[in-house]
Colleague: 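Let me begin by handing over the structure; questions about it come next.
Because only heavy atoms are used, hydrogens play no part in the values below, and waters and symmetry mates are left out as well, while side chains stay in. Nothing here was measured: the structure is a model prediction, and the numbers come from that model. Each chain gets a letter, A, B and so on, in the order the sequences are listed, and its residues count up from 1.
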Amino acid sequence: MEEKKQELYGLLAEFKTSEELIHASEKAYKAGYRNMDAYTPFPVEELPEAVGFKKPVLPLLVLIGAITGGVLGFMMQYYASVISYPLNIGGRPLNSWPSFIPITFEMTILFGAFTAVFGMFALNGLPKPYHPVFNVPRFKLASRDIFFLCIESEDEKFEIENTKKFLEDLKPREIFEVDP
Amino acid sequence: MADSKSKKSKFEKAPIIEPGHTYGSITDKISSIVLTKKIRKSWLIGFSFSFMLLMVFLGSTGYLLMKGTGIWGLNVPVSWGFAIINFVWWIGIGHAGTLISAILLLLRQDWRTSINRFAEAMTLFAVAAAGMFPLLHMGRPWLFYWLMPYPNTMALWPQFRSPLVWDVFAVSTYALVSLLFWYVGLVPDFATLRDRAKNRTAQIIYGTLAMGWRGSAVHWHRYETAYLLLAGLATPLVISVHTVVSFDFAMGITPGWHATIFPPYFVAGAVYAGFAMVLTLSIPLRKVYGLEDFITMRHLKNMAKVMLATGLIVAYGYMIEAFTAWYSGAEYEEYMILNRMTGPYKHLYWALILCNVIAPQFIWISKVQNSVIGLFIVAMFVNVGMWLERFVIVVTSLHRDFLPSSWDMYSGTIWDWATYIGTMGLFLTLLFVFIRLVPAISIFEMRTLVTDSEKES
């Protein structure tokens, strides 16, 4: 049995509706499971909380990205117009900041948007061409209309027989063993 | 009992998704448009026609590169001709896509879901078509990168105080952000296609594009956060883009351009033109692909209402233009507006008033509002009208400026028209390829609508 535990990535339980899945995830969390994930065909509001997801860092990253973009955008124009290539046109000020605002603004948005997208992918660990859950043939339906809960073998409480029994009590349609 | 029920339903809004659909049926219906070997005859005809127009574009561009911009109708007072007219027209069309995908998302307008993917694609392709004109107008388009600030051996910088350089930044930021927004929206749907494709090549291509998306709850959470933040960033961006486009005009001292009404008036005009184009494209699309269940009459009516509202803002803009010209007391401004209304281009001005001010008023009539053909006709009027508006703004302001000795007339040559019609080919070809290869309606967002409508019932 001990050997089998190492061989598995985890146990995957299939549910028909999102309500059942939320319910099951909450129970699993209460039972002390931490390394688990739920898979759904569309975002389900209460689910991230149910599987124990707490602090979103993405908004802060985007704020930092956007501010960086704005500062860099302004500095670039300041450097070009005041330091690198000053042009005296009738004694007008070199640091004519109002005319630097549009580009500063655009750079703020650009950097913010890049941080939002690439930050999201990076935090999600994507691109990830291989993932064990894809070994279950039924998992193809996670992108159609089926909901899954996976308890991973990394979890301290994971014990193949016990966990299977625990999942069976949640009344899933079926339970699959996920090869690593 | 039955009586009160029917009474109630009379006042209920038409559904945003026809009843009876499940997650599965939605997935199957939308993905089957893409995952089929069969090529529809209507698609083939449409694609061939667009591709032919694209060849017209390549031909006229090739000739332009050989001969230079002299083949266009540009002359000295009117040195901004079709190129800027078409640029502004296309960019404006693109704006409805961002408005639908970003602003309506933030305003929690559920009905946007089924048209948002399509409208975003329209944005991207319209920006691509728009970008062609300033590039080609440069004369030496292969040196376009001179517009970008980069360390170069000439030790030069772009002139950051110039609205034209602002425009480069605004439009390229807009193109990039729209592309990101579109791609992010597509990732979960690429995963669906990957899982449903039977063909190995399709599995590999969609699989690569999906980047291993598996629908994890935590991923969805970050995904939705990123999507909302992008929408929040895209909303001021879209307004800034057309504001900067209007600065190209308003920062100059040319009579008819130097007006503070320009930024809001241009933004409203862009949304107006854009919604007209979404209507023009989605009406045939829903018919040909049988998507009436997803793009319902409610969508068409809502878009028509947005079109009417922005059309009224545009009409206000025309009024204020005339009023300011008179109220300014500046003789050049006064002459410009008189010349616009009664001069050699007066027929274009009045055609524009007919298309942009009078035609949309028919939307007030509920018979027109409920008729698909009626809406299509009004939208076509607006498409033409918005092109005329840009023509009138550009040409009538330039062709008779301060010095009568430099007055001249302007008209597009055959090459101007060929390039313009050619970019329609570029736009439509991209659109046909998009419909064939990518789900035109966001599948995962439609699944969310099923849950909502189930909860309501």
Colleague: Less than 4.5 Å to any heavy atom of chain B: does that hold for the side chain of A/Pro102, its backbone, both, or neither?
Modeller: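 Side chain of A/Pro102 only, per the 4.5 Å heavy-atom cut-off to chain B.
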
Colleague: Provide the closest heavy-atom pair for B/Arg161 versus A/Phe100 in the form atom of the first, atom of the second, distance.
Modeller: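 Closest pair (atom of B/Arg161, atom of A/Phe100, distance): CG-CE2, 4.1 Å.
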
Colleague: Are A/Phe114 and B/Leu176 close enough that some pair of their side-chain heavy atoms sits under 4.5 Å apart?
Modeller: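 The answer is yes, as the side chains (C-beta and beyond) meet within the 4.5 Å cut-off.
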
Colleague: Which bit of A/Phe121 is near chain B, if near means a heavy-atom gap under 4.5 Å: side chain, backbone, both or neither?
Modeller: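 Answer is side chain: those atoms of A/Phe121 sit under 4.5 Å from chain B.
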
Colleague: Looking only at heavy atoms and a cut-off of under 4.5 Å, which of B/Leu229, B/Leu180, B/Val165 has the most pairs with chain A?
Modeller: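 Ranked by contacts with chain A, first place is B/Leu180.
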
Colleague: Heavy-atom distance under 4.5 Å to chain A: side chain of B/Val168, backbone, both or neither?
Modeller: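 Contact with chain A is absent: no heavy atom of B/Val168 under 4.5 Å.
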
Colleague: What residue in A/Leu126, A/Leu21, A/Leu47 has the most heavy-atom pairs under 4.5 Å with chain B?
Modeller: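 Heavy-atom pairs under 4.5 Å are most numerous for A/Leu126.
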
Colleague: Looking only at non-hydrogen atoms, find the nearest pair between B/Trp166 and A/Ser99 and report the distance.
Modeller: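 Looking at all heavy atoms of both residues, the shortest contact is NE1-O, 3.2 Å.
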
Colleague: Which residue out of A/Thr108, A/Leu110, A/Ile146, A/Ile103 racks up the most heavy-atom pairs below 4.5 Å with chain B?
Modeller: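 The residue among A/Thr108, A/Leu110, A/Ile146, A/Ile103 with the greatest pair count is A/Ile103.
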
Colleague: Need one label for A/Tyr130: side chain, backbone, both or neither, based on atoms under 4.5 Å from any heavy atom in chain B.
Modeller: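 Neither part, no heavy atoms under 4.5 Å.
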
Colleague: Please flag which part of B/Pro236 lies under 4.5 Å from any non-hydrogen atom of chain A: side chain, backbone, both or neither.
Modeller: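 Backbone plus side chain of B/Pro236, per the 4.5 Å heavy-atom cut-off to chain A.
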
Colleague: Quick check on the interface: out of A/Ala38, A/Ala116, A/Ala142, who has the most heavy-atom pairs with chain B under 4.5 Å?
Modeller: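 Highest number of heavy-atom pairs under 4.5 Å: A/Ala38.
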
Colleague: Is the side chain of B/Arg222 donor-acceptor paired with the backbone N or O of A/Leu123 at a distance under 3.5 Å, no angle test?
Modeller: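 It does hold such a pair.
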
Colleague: Looking at CD of A/Glu106 and CZ of B/Phe169, how far apart are the two atoms once the value is rounded to the nearest 0.5 Å?
Modeller: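 So the CD of A/Glu106 and the CZ of B/Phe169 are separated by 9.5 Å.
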
Colleague: Compare every heavy atom of B/His221 with every heavy atom of A/Pro56, then report the nearest pair and how far apart it is.
Modeller: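 Shortest heavy-atom contact: CB-CE1, 4.0 Å.
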
Colleague: More than 12 heavy atoms of other residues, nucleotides or ligands under 6.0 Å from CD of B/Gln159: yes or no?
Modeller: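 Count over threshold, so yes.
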
Colleague: What is the minimum heavy-atom distance between A/Asp37 and B/Ala217, and which atoms define it?
Modeller: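 Residues A/Asp37 and B/Ala217, closest heavy atoms: OD1-N, 3.5 Å.
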
Colleague: Side chain from CB out, backbone as N, CA, C, O: work out which of these in A/Phe111 comes under 4.5 Å of a heavy atom of chain B, or both, or neither.
Modeller: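 Neither part, no heavy atoms under 4.5 Å.
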
Colleague: In Å, rounded to the nearest 0.5 Å, how long is the span from CD1 of A/Ile109 to OG1 of B/Thr173?
Modeller: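 Here the rounded value is 8.5 Å.
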
Colleague: Could you tell me which portion of A/Phe147 (side chain, backbone, both or neither) has an atom closer than 4.5 angstrom to a non-hydrogen atom of chain B?
Modeller: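 Just the side chain, heavy atoms under 4.5 Å.
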
Colleague: Using side-chain heavy atoms (C-beta onward) and a distance below 4.5 Å, is B/Phe444 in contact with A/Pro43?
Modeller: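 SC-SC contact between B/Phe444 and A/Pro43 confirmed.
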
Colleague: Nearest 0.5 Å, what's the OG-NE2 distance between B/Ser216 and A/His131?
Modeller: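 Rounded to the nearest 0.5 Å, the OG-NE2 separation comes to 8.0 Å.
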
Colleague: Could you tell me which of B/Tyr227, B/Trp213, B/Phe181 has the largest number of non-hydrogen atom pairs under 4.5 Å with chain A?
Modeller: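 Of the options given, most contacts go to B/Trp213.
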
Colleague: How many angstroms lie between atom NZ of A/Lys140 and atom CZ of B/Arg196, to the nearest 0.5 angstrom?
Modeller: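 Taking NZ in A/Lys140 and CZ in B/Arg196, the distance rounds to 10.5 Å.
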
Colleague: For the atom pair NE2 (B/His219) and OH (A/Tyr39), what is the distance rounded to the nearest 0.5 Å?
Modeller: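 Atom-to-atom, B/His219:NE2 and A/Tyr39:OH are 7.5 Å apart.
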
Colleague: Tell me, side chain or backbone of B/Val218 under 4.5 Å from chain A's heavy atoms, or both, or neither?
Modeller: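 Both parts, backbone and side chain.
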
Colleague: How far apart are the closest heavy atoms of A/Ser84 and B/Trp157, and which atoms are they?
Modeller: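 Looking at all heavy atoms of both residues, the closest pair is OG-NE1, 2.9 Å.
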
Colleague: As an exercise, state the distance from CG of A/Leu58 to CG of B/Leu228, rounded to the nearest 0.5 Å.
Modeller: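 Atom-to-atom, A/Leu58:CG and B/Leu228:CG are 11.0 Å apart.
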
Colleague: Check whether any side-chain heavy atom of B/Thr27 lies under 4.5 Å from a side-chain heavy atom of A/Asp145, and answer yes or no.
Modeller: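 The answer is no; the side chains never approach within 4.5 Å.
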
Colleague: What's the shortest heavy-atom distance between B/Asp195 and A/Ser143, and which atoms?
Modeller: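 That closest heavy-atom pairing would be OD2-OG, 2.7 Å.
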
Colleague: Does any N or O in the side chain of B/Arg447 come within less than 3.5 Å of the main-chain N or O of A/Pro41, such that one atom is a donor and the other an acceptor?
Modeller: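 Such a contact is found between B/Arg447 side chain and A/Pro41 backbone.
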
Colleague: Around A/Glu49, counting heavy atoms of other residues, nucleotides and ligands shown, do more than 12 lie under 6.0 Å from its CD?
Modeller: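 No, not enclosed.
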
Colleague: Atom CD1 of residue position B/Ile253 - does it have more than 12 heavy atoms of other residues, nucleotides or ligands inside 6.0 Å?
Modeller: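 12 or below, so no.
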
Colleague: So what's closer than 4.5 Å to chain B heavy atoms on A/Val44: side chain, backbone, both or neither?
Modeller: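 It is neither, since no heavy atom gets under 4.5 Å.
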
Colleague: Side chain, backbone, both or neither: which part of B/Pro149 has an atom under 4.5 Å from a heavy atom of chain A?
Modeller: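 Interface part for B/Pro149: side chain.
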
Colleague: Does a sphere of radius 6.0 Å around NZ in B/Lys29 hold more than 12 heavy atoms from other residues, nucleotides or ligands, not counting ones at 6.0 Å or beyond?
Modeller: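 Yes, enclosed.
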
Colleague: Quick one: what part of B/Ala234 sits under 4.5 Å from any heavy atom of chain A, side chain, backbone, both or neither?
Modeller: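 The answer is neither part of B/Ala234.
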
Colleague: Looking at A/Phe148, A/Phe118, A/Tyr85, which has the largest count of heavy-atom pairs under 4.5 Å with chain B?
Modeller: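 Most pairs with chain B among the choices: A/Tyr85.
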
